[in-house]
Amino acid sequence: MAGSLPNILKRFAARSLSKPLGGSLYNYGLRFSTMAPNDPDTHDDFKPTNKLENSSTSLKDVVEQISAEKSAFLEIPNKLQDNLVHDVKDNPIMIYMKGVPEFPQCGFSSLAVKVLQQYDVPFSARNILEDAELKSAVKGFSNWPTFPQIFIKGEFVGGSDIILNMHQNGELKDLLKDVTSKK
């Protein structure tokens, strides 16, 4: 049979091995490349690009933008800064999220709440969707761009992916062992 799997694999291997090596690694007749070639089968979206090359933005502009973002917390009104500091210090677990624990407004916030609920520990939450200043302040406070943002014992831990990973490998259980349960 001309279309049998062994024949297809032989033709694939012969075609792959006949191509020049040009920056690629061959392993068992399969080509692995560290760069996108000028191949008609490669879509432009998957080719590497230099975003600064065709832009009016310079490297200096990028550095200045990053510096401005880091200093953003200093521009937050003192009352809001104080509230953030008190939230994080006064609550063993503080989560800034989209929505509220009873009704999360995004999947990542929902995941974070579900993971924390597994430990039956009290946690406080603030809905960043209700207050744009709060949202910006939290980003500046933690220097982290996405939500939810979870603080445990006064330390910024991360978002839902990090909490989930810590839960799966047992780190979260160790971190929360001295936080009193809700009961």
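- N83 is linked by a side chain to side chain contact (heavy atoms under 4.5 Å, CB included) to K79, counting only residues two or more places apart in sequence or in another chain.
- For the pair L111 and D161, the minimum side-chain heavy-atom distance is 4.5 Å or more.
- Once rounded to the nearest 0.5 Å, the distance linking CG of L134 with CZ of F141 reads 11.5 Å.
- By the 4.5 Å heavy-atom criterion applied to side chains, V113 and F123 are counted as neighbours.
- For N165, the side chain to side chain donor-acceptor pair (under 3.5 Å) partners at least two apart in sequence or on another chain are N169.
- Listed by first and then second residue, the salt bridge (Lys or Arg N to Asp or Glu O under 4.0 Å) pairs that reach into residues 163-174 come to none, sequence neighbours excluded.
- In terms of the ring pair (Phe, Tyr, Trp, His ring centres under 6.0 Å) criterion, F108 has no residue partners (sequence neighbours excluded).
- The side-chain hydrogen bond (donor to acceptor under 3.5 Å, both in side chains) contacts involving residues 147-156 comprise S142-Q149, K153-D178, where partners must be two or more places apart or lie in separate chains.
- Rounding to the nearest 0.5 Å gives a distance of 8.0 Å between SG of C106 and CD1 of I128.
- Residue Q105 holds its CD atom at 9.5 Å from CD of E130, rounded to the nearest 0.5 Å.
- The CG atom of L116 sits 5.5 Å away from the CD1 atom of I163 when rounded to the nearest 0.5 Å.
- Residues S160 and I150 approach most closely at N-CD1, 4.5 Å, considering heavy atoms.
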Residues 91-104 side chain polar contacts: donor-acceptor under 3.5 Å, at least two apart:
| unit_1 | atom_1 | unit_2 | atom_2 | d |
| --- | --- | --- | --- | --- |
| N91 | OD1 | S124 | OG | 2.8 |
| N91 | ND2 | D87 | O | 2.8 |
| Y96 | OH | D87 | OD2 | 2.9 |

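- Using cut-offs of 30° and 60° on the angle between ring planes, the pair H167 and Y119 is perpendicular.
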